[in-house]
Protein chains: 2
Amino acid sequence: MLTEPITLPVRGDAGVEAEMHFLLTDLVQIAGRVTRLAHRSSQGSEGPATWRTLAVLQQFGPMRLGELAQHSQVAQPTMTKIVAGLVEREWVKRIADASDARAWQIGISAKGILKLTEWRSNLAGALQPLFADLSDDERETVRRAIDLIQPRIDQAYIDPDTFPAKGE
Amino acid sequence: MLTEPITLPVRGDAGVEAEMHFLLTDLVQIAGRVTRLAHRSSQGSEGPATWRTLAVLQQFGPMRLGELAQHSQVAQPTMTKIVAGLVEREWVKRIADASDARAWQIGISAKGILKLTEWRSNLAGALQPLFADLSDDERETVRRAIDLIQPRIDQAYIDPDTFPAKGE
DNA sequence: CAGTATACATAGCCTTGCTATATATCTCAA
DNA sequence: TTGAGATATATAGCAAGGCTATGTATACTG
C-alpha cells in the first residue's frame with residue numbers, strides 16, 4: 001500500500017471542492033444503506049445482482065451476455081452464473097444469435113417483468129411509511145436529485161473507458 | 001407464492017401515490033447502481049459490508065457486537081465474521097465489557113478511521129468526473145435530497161420494529 | 001442455586017463475486 | 001481454403017458475505 005500524503009477535506013470547509021467531496025461520500029454511504037435495506041426487507045433468496053440484471057434487460061432490451069455483464073458491472077463469468085439462475089427460473093430467455101453461433105441474446109421474459117415489478121412494488125410499499133411525511137416540495141427535490149444522478153451513473157456503466165473498473 | 005391481484009401504478013399516472021411509488025423504486029435502483037459502482041471502482045478485497053460496519057462505528061461510537069449487527073442490518077453471526085476480519089486487520093478493537101463478561105464493546109481504531117477515510121476519498125475522486133458538471137444549484141439539490149433521505153433510512157436501521165427484516 | 005434468558009461463537013450451507021483457463025466459433029490472410 | 005489469432009461464452013476453483021440452527025458461557029431471577 002502506498003502511503004503518499006493525501007490532503008483530506010474536512011467537513012465545514014468552504015469551497016466547492018470540499019462540498020463535492022462530502023456530497024459524493026454521503027451519496028455512496030446512503031446508497032449502500034438503501035441497497036442493504038432493500039435487500040433485507042424483501043424476502044426471497046434473490047440477491048441484488050439478479051434484480052440489477054433484470055432491470056438492465058427491461059430498460060435496454062435483449063443483449064448479449066457479455067454486453068449484459070458490462071451494463072451490470074460484473075465480470076463475464078459472474079454474468080454466466082446469474083443468467084444460468086435466471087434461465088432456470090424462466091425469468092429470461094436465451095435467443096440464439098443467428099449471426100454468431102458462439103453468442104446468445106438474453107431477453108427478459110414476461111414472467112421476469114412481472115417478478116421485477118412485484119419486487120419493486122413490495123419495496124416501495126415497505127419504504128413508503130418512512131417517506132410518507134415528505135412534503136410536495138421535498139418529494140420534488142428528491143425526484144430532481146434522482147434525475148440528476150441517474151444519467152451520470154448510467155454513463156459510468158455504459159462507457160467502461162470513462163470509468164475504469166478495479167485498479168487505476 | 002401468493003398471487004393476489006395487485007394494482008401497479010403506471011408511470012405517467014397522476015397522483016401523489018404513484019409519484020411516491022416511482023420515486024422509491026427509482027431510489028432503490030439508483031442506490032444499487034451507485035453501490036455496485038463504488039465497490040467496483042475501489043480496488044482491494046474489502047466488500048461493502050466492511051465499510052458499512054466501519055461507518056456505523058465511526059458515526060455512533062463503540063457498541064456491542066449485537067447492537068452493531070442491528071445497526072448494520074445483518075444477522076449476528078454475520079457480524080461475528082465481519083468483526084473477526086476487522087480485528088485481524090486491526091481496524092477495530094475489542095474492549096472487554098466490565099459489566100458483562102459475555103459481551104464486548106467494538107470500537108473503530110485510528111487505523112480503521114484512516115482506512116475508511118482513504119476509501120471514501122478514493123471513491124469521491126473516482127466519481128468526481130461524472131459530477132463535475134453539476135451547477136451550484138444542482139449540487140445544492142442533491143445535497144438537500146441526501147439530507148432528506150438520510151435520517152429516514154437511519155430510522156429504519158435504528159428501529160427494527162418500524163421496519164421488519166425478511167418476511168412480513 | 002436451579003432454571004431460563006442472553007451474548008457471542010461455531011457449523012454448514014448458499015449466492016455473488018473474482019481470476020485463470022478451456023472450448024467453440026469466427027475472421028482474415030497466405 | 002486452411003491455419004492463426006481473436007472473440008464469446010463456459011468451467012473450475014476460490015473467497016467474502018449472507019443466512020439458519022445450534023453450542024457455550026455468563027447473567028439474572030425465583
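To find a chain, count down the sequence lines: A is the first, B the second, and so on, and within it residues start at 1.
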Without decimals, in angstroms, what is the distance between [X] [atom1] and [N] [atom2]?
X        : N      : atom1 : atom2 : result
A:Gln70  : D:dA8  : CD    : P     : 10 Å
B:Lys81  : D:dC19 : NZ    : P     : 10 Å
A:Gln105 : D:dT9  : CD    : C1'   : 13 Å
A:His39  : C:dT16 : NE2   : C1'   : 10 Å
B:Arg52  : D:dG18 : CZ    : C1'   : 10 Å
B:Asp97  : C:dC8  : CG    : C1'   : 12 Å
A:Trp104 : C:dA24 : CH2   : C1'   : 12 Å
A:Leu86  : D:dT9  : CG    : P     : 15 Å

When you measure from the side-chain N and O atoms of [X] to the phosphate of [N], is any distance below 4.0 Å, counting only OP1 and OP2?
X       : N      : answer
A:Arg64 : D:dT7  : no
A:Thr50 : C:dT15 : no
A:Thr78 : C:dT16 : no

Does the pair [X]/[Y] count as a salt bridge with the N-to-O cut at 4.0 Å?
X        : Y        : answer
B:Arg33  : A:Asp154 : yes
A:Glu46  : A:Arg89  : yes
B:Arg102 : B:Asp97  : no

Closest of D:dT11, C:dT10, D:dC19 to the B:Thr80 side chain is C:dT10
Side-chain contact check for B:Ala49: nearest option of D:dG17, D:dC19, C:dA9 is D:dG17
A correct 5'-to-3' footprint of nucleotides 23-30 of chain D, with B, S and - meaning base, sugar-phosphate only and no protein heavy atom under 4.0 Å, is --BBS---
On DNA chain C, does the nearest nucleotide to A:Ala75 precede the nearest nucleotide to B:Ala103 from the 5' side, or the other way round? Give the residue.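 So the residue in question is B:Ala103.
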task: Would you indicate whether B:Gln128, at its atom CD, is surrounded by more than 12 heavy atoms from other residues, nucleotides or ligands within a distance under 6.0 Å?
output: yes
Of A:Arg94 and A:Arg36, the one whose closest nucleotide on DNA chain D sits nearer the 5' end is A:Arg94
Checking A:Ile95, A:Leu86, A:Thr53, A:Leu57 against A:Ile106 for side chain to side chain contact (heavy atoms under 4.5 Å, CB included), the one that qualifies is A:Leu57
Closest non-hydrogen atoms of B:Val56 and B:Ser72, given as atom of the first, atom of the second and distance, are CG2-OG, 3.9 Å
Cationic tip of B:Arg139 above B:Phe131 ring, under 6.0 Å, 45° of axis: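 Output no; distance or angle outside limits.
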Tell me whether the side-chain N or O atoms of A:Gln76 pair up with the base of D:dA10 as donor and acceptor below 3.5 Å, since no angle test is needed here.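 Indeed there is one.
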| message | What contact category does B:Pro77 fall into here, base, sugar-phosphate, or nothing, at under 4.0 angstrom with non-hydrogen atoms? | response | base
